[in-house]
Every structure is written in C-alpha cells, then in structure tokens.
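To start, the structure under review is shown below, and the notes come after it.
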Amino acid sequence: MVDNYLYQFIFIHFLFLLSLFFVLLTVSLSSQQPLCLEDEKSALLQFKDGFIIDCSASFDPSAYPKVASWALKEGSNDCCSWDGVECNEDKGHVIGLDLSSSCLCGSINSTSGLFRLLHLQRLNFADNDFYGSQIPFGVGNLSRLTYLNLSDSFFSGQMPKSLANLSSLATLDLQYSLLHGEVPAEIFFLPNLQFLSVAYNENLIGHLPEFHSNSSLKVLTLRDTRFYGKLPASIGKLISLYFLDFRKCLFSGSIPPSLSNLTQLTDLDLSENNLTGHIPSSLLTSMTQLIYLDLSFNKLVGVLEFDMFLKMKSLSALILSSNNLTLLTKANSNDTLPQFHTLGPLRKFIWTFTEVSRFLT
Ligand SMILES: *[C@@H]1O[C@H](CO)[C@@H](O)[C@H](O)[C@H]1NC(C)=O
Ligand SMILES: *[C@@H]1O[C@H](CO)[C@@H](O)[C@H](O)[C@H]1NC(C)=O
Ligand SMILES: *[C@@H]1O[C@H](CO)[C@@H](O)[C@H](O)[C@H]1NC(C)=O
Ligand SMILES: *[C@@H]1O[C@H](CO)[C@@H](O)[C@H](O)[C@H]1NC(C)=O
Ligand SMILES: *[C@@H]1O[C@H](CO)[C@@H](O)[C@H](O)[C@H]1NC(C)=O
Ligand SMILES: *[C@@H]1O[C@H](CO)[C@@H](O)[C@H](O)[C@H]1NC(C)=O
Ligand SMILES: *[C@@H]1O[C@H](CO)[C@@H](O)[C@H](O)[C@H]1NC(C)=O
Ligand SMILES: *[C@@H]1O[C@H](CO)[C@@H](O)[C@H](O)[C@H]1NC(C)=O
Ligand SMILES: *[C@@H]1O[C@H](CO)[C@@H](O)[C@H](O)[C@H]1NC(C)=O
C-alpha cells in the first residue's frame, strides 16, 4: 500500500520533470539565433584585418579590443555572438556594430569589408583612432543606417556628401573630430534625423540653411565650430527641438523672434557668438520648459525684467553675463534669487537693478 503511493508519487514527479525538460528545450531552441552568414562573417574578418589593436587609441579606461574575440575557432564560429556584433533574429544578417572604445587603430578604404555589411543599421566607432583619415565616401552605401557614431575617433577631412544619402539616419554623431571644410547643407534635410552633432570640430565651416517644418530634429549641437551668418527665421520651424547648442560659433545678427516658436526647448546655449540687438521678449514668455539658458558673451543690449525669468518654472541656470543687459527687479525680490543654481556672474546685474529700482521709487 505504502509502496503503491510511493511509486505513484515518483511517477508523477517523473512526468513533471519530463515536461519541464521539454518546455526548457523548446524555449532554448526558439531563442537560439541563426548562425551568421558566411559572406558577412568573412566581411567582418576582412574589416578586422585592416586594424591594429592599441589601447592607447581609446580614452575610455574600460576600453578593450572587442574584435579580439573575432576568430574562426571552435566555439566561436557564429559571428552573431562576437563582441560588438548584433544580428537580426530572423535572417541572421549583421545589423549592428558597436566598436566604441575598442582600441582600433587604422583607416577604412573602399575595399573594406564594412561595405559588404549592407544590412547595417547601427554603427558605432566612437573613441578609436582612425589616424586622421577621411570618413569613407562609401558610408553612403550603407543605406539602412539609422545610427552613425564616429565621435572622438580622429576622423579628418571633409564630411562626405554621400552622408546625405542615408535617408533612414536618426542619429549622426561626429563630435570631437578633426573635420574641416564646409558641412553639406543636405545633412540638415535628412528626413528622419533627430540628433545631429558636429560639435568640437573647430575647423568645420557652415551656415544654417532655410529649415522646413517637416524636420524631425530634436537635438542640434554645433558647439565650437565655425558656423557663421545669421540665425535664419526659419529656425522657428524646428518645433521638435529640445536641445540647441551653438556655443562658441561665429553667428552674428540678432536673435530671431521666431525662436520663441521652439516651446519644447529645455536647453538653449547661444553663448560666445557675436549676436547683437535685443533678446525678443516673446522668447522668455513662451519657452516655459527651459532648464538651461546661456546667452553670455555676445553683444546683446536692452533691459530685462527679472520677473520674466521667474515665470520659467523649470529654469535652473541663467547665464547672461558679458553682454550689455540691465536686469530690472522689484526691490524685495532678493530672496527669490537662490532658486537658481547658476547665476553666472550676475552680480553686476543685481547691482544694476539696485540702481534702477532706487531710481524707480
Ligand atoms: C585598403 O586597406 C587595406 C587594409 O588596410 C589595405 O591592405 C589595402 O591595400 C588598401 N587598399 C587601398 C586601395 O588603399
Ligand atoms: C557615441 O558614442 C559615445 C561612446 O560610446 C557615447 O558616449 C555617445 O553618447 C554616443 N553618441 C550618441 C549620440 O549616442
Ligand atoms: C557604393 O555603391 C556604388 C553603386 O552601387 C558602387 O559603385 C560603389 O562601389 C559602392 N561603394 C562601396 C565602397 O562599396
Ligand atoms: C548617393 O545617391 C546618389 C543619387 O541619389 C547616387 O548617385 C550616389 O551614387 C549615392 N552615393 C552613395 C555613396 O551611395
Ligand atoms: C520637407 O519639405 C520640403 C519643402 O517643402 C520638401 O522639399 C521636402 O521634400 C520635405 N521632406 C520630406 C521628408 O517630406
Ligand atoms: C511656428 O511653428 C508652426 C508650427 O507649430 C509653424 O507652422 C510655423 O511656420 C512656425 N513659425 C515660424 C516663424 O517659424
Ligand atoms: C562681430 O561683429 C562685428 C560687427 O558687428 C565685427 O566687426 C566683428 O568682426 C565680428 N566678430 C566676429 C568674431 O565675428
Ligand atoms: C549699453 O547699452 C546702452 C543702451 O541700452 C547704451 O546706451 C550703452 O552705450 C551701451 N554700453 C556699451 C558699453 O555698449
Ligand atoms: C538685496 O541685496 C543687496 C546686496 O546683498 C542689499 O544691499 C539690499 O539691501 C537687498 N535688498 C533687499 C530689499 O533686501
């Protein structure tokens, strides 16, 4: 009797374990990625062969040579499992290469295996050393790219016009390079571009085009470049922008009132340019989301009422120094000042206000 129960008990447990085994087996089979395709594998290996590994090429202290694991040996035959390589799950095509901070030294020419990876969507070469070589023209053939990050990698020369062929591109990060020459205006019109940075390329020249209201730009950073000319009124059409950084460029003329159309802006930095005229009052009343506002080191003139800034409830940094601005405030508003984390050298303005308010009363 007791034995019978015992056998039943063991049998039921056996069934249970058996079904568990099959469940696990199906799960593991269905999540297994297909092996990578032979031609893409050889393209990756050929790409790798164009480089030498030297970890002084990357600034990031946690950099390591991701391509070191790329080899044809037992257990690592599936290139989809190689470090920095991403494949799509159904077809096994290589769709992503993240070789940021990978100690790569070398350059890419038109014979590189890279240009056989035609399914690439995401490419990150940030923080390596491309020896001051050009961004290869053939990058325009990788037409499925949505993300291209070549920042901080010692790319030099002109930006290739073929970048304008990348109509799926949403992110283009070329900051901290050695680029020079003129930025092709077509870049601004890439229909899906949301993030554009060519910042910290101090020899890169450019001017802003006439923008269209169908732009998707959310982040635009031209900081520390030689972009020049006026800020076009059409900048007010970039209504998706929330981050605009033109610090240390060569822009001149006045701030267009249409800028106040950009009501989503949280960060606006136009400091260290050559901007003249008044700050449009509509700017301060409509940009209610602003967290950071820096207009310092220009040639702006006029009288501003401090109360206007108090209406910008999110504002935590306000830097207006080194212009010719006078800030007006009510005599008793001293205690409202500390809500700002950064006032810049605003003392001068507070002093100015004291003079003016005394004059007013
Ligand atoms: C392209 O680069 C590879 C690897 O660096 C090199 O072997 C080859 O000679 C180069 N080809 C040309 C045309 O420069
Ligand atoms: C580009 O890559 C670098 C290094 O990985 C990273 O810090 C940076 O945020 C990336 N840029 C964008 C826009 O993702
Ligand atoms: C890019 O595509 C063009 C036209 O299909 C082709 O002639 C050229 O060789 C390609 N460039 C590279 C680098 O693959
Ligand atoms: C870019 O597109 C133009 C036509 O739209 C084509 O002639 C050219 O070959 C393309 N360049 C690359 C590098 O894909
Ligand atoms: C955006 O608008 C401009 C001007 O109306 C037009 O030339 C361009 O083709 C449009 N772009 C897209 C992606 O619709
Ligand atoms: C302001 O934004 C609207 C869309 O909200 C756009 O139609 C209009 O052209 C913009 N005005 C200016 C002056 O850019
Ligand atoms: C700034 O503008 C003035 C004229 O308003 C011009 O003389 C000067 O060269 C400009 N400076 C720069 C750095 O563009
Ligand atoms: C500052 O602007 C006022 C007018 O708002 C003008 O009278 C004055 O000369 C300007 N000072 C300098 C140093 O430009
Ligand atoms: C505001 O602060 C200044 C300098 O600290 C001081 O001289 C002035 O009396 C203060 N005003 C009020 C109304 O507290």
Side-chain angles (χ1 to χ4, degrees), residues 42-54 57 65 67 70 97 99 102-117 125 128-139 141-146 153-157 160 163-172 184-196 208-218 220 229-242 244 246 251 253-265 268 270 277 279-290:
S42 74
L44 285 170
L45 290 171
Q46 193 208 334
F47 166 80
K48 172 191 171 179
D49 282 346
F51 292 91
I52 57 169
I53 301 298
D54 176 355
V67 297
W70 298 11
L97 265 191
L99 297 177
S102 294
C103 315
L104 294 176
C105 286
S107 58
I108 303 174
N109 61 32
S110 60
T111 65
S112 169
L114 181 68
F115 302 114
R116 289 194 274 137
L117 301 171
F125 285 153
N128 292 290
D129 187 354
F130 286 85
Y131 289 159
S133 63
Q134 300 227 343
I135 297 174
F137 187 80
V139 75
N141 282 13
L142 302 175
S143 60
R144 298 179 200 207
L145 282 183
T146 59
S153 271
F154 298 99
F155 277 106
S156 178
L163 284 173
N165 279 21
L166 301 177
S167 56
S168 301
L169 209 56
T171 300
L172 179 59
E186 293 85 350
I187 299 295
F188 290 100
F189 301 127
L190 284 170
N192 293 300
L193 198 62
Q194 297 184 8
F195 179 106
L196 174 60
L208 295 178
E210 290 299 334
F211 292 106
H212 305 303
S213 44
N214 54 14
S215 168
S216 309
L217 275 177
K218 291 181 174 165
L220 179 56
K230 291 192 158 69
L231 303 179
S234 60
I235 201 168
K237 294 182 178 172
L238 301 178
I239 50 169
S240 305
L241 269 190
Y242 67 85
L244 180 62
F246 291 172
F251 287 113
S254 54
I255 298 177
S258 63
L259 199 64
S260 40
N261 222 10
L262 308 184
T263 51
Q264 305 300 312
L265 276 187
L268 175 60
L270 303 176
I279 299 176
S281 58
S282 58
L283 198 73
L284 305 175
T285 48
S286 64
M287 290 193 180
T288 52
Q289 311 290 316
L290 270 188

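Order of appearance sets the numbers: ligands from 1, and atoms from 1 within every ligand.
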Subject >> Minimum heavy-atom distance between Ser216 and Ser240, given as atom pair plus value >> reply: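 Minimum heavy-atom separation between Ser216 and Ser240: O-CB, 4.2 Å.
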Subject >> Heavy-atom pair with the smallest gap, counting every atom of Ile235 and Ser258 >> reply: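 Residues Ile235 and Ser258, closest heavy atoms: CG2-OG, 4.4 Å.
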With a 4.5 Å limit on heavy-atom distance, are the side chains of [X] and [Y] in contact?
X	Y	value
Asp54	Asp129	no
Leu97	Leu44	yes
Leu169	Asn192	no

Original post:
With a cut-off of 4.0 Å, which atoms of ligand 6 are near a heavy atom of Ser258?
Top reply: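 In order of numbering, the contacting atoms are 13 (C).
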Subject >> Numbered atoms of ligand 6 (with element) below 4.0 Å of Asn261, judged on heavy atoms >> reply: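 It comes down to these atoms of ligand 6: 1 (C), 2 (O), 3 (C), 8 (C), 10 (C), 11 (N), 12 (C), 14 (O).
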Original post:
Short N/O distance, under 3.5 Å, between Ser234 and ligand 6?
Top reply: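 There is no such contact.
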Original post:
Is it the case that more than 12 heavy atoms not belonging to Phe189 sit under 6.0 Å from its CZ atom?
Top reply: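 Yes, because the 6.0 Å sphere around CZ of Phe189 holds more than 12 heavy atoms from other groups.
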Subject >> Any N or O of Ser107 closer than 3.5 Å to N or O of ligand 1 >> reply: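 N/O-N/O distance under 3.5 Å: no.
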**OP:** Would you give the length of the straight line joining atom CG of Asn214 to atom CD1 of Ile239, rounded to the nearest 0.5 angstrom?
**Re:**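 Answer rounded to 0.5 Å: 10.5 Å.
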Subject >> For Phe51, the option from Tyr131, Phe125, Phe130 that meets ring-ring contact (aromatic ring centres under 6.0 Å, His included) >> reply: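 That would be Phe130.
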Subject >> Proximal atoms of ligand 1 relative to Thr111 (non-hydrogen, under 4.0 Å) >> reply: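 Those of ligand 1 that fall under 4.0 Å from Thr111 are 1 (C).
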Subject >> Contact residues of ligand 5 (heavy atom under 4.0 Å), by chain and number >> reply: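 Its neighbours under 4.0 Å (heavy atoms only) are Pro191, His212, Asn214, given by chain and number.
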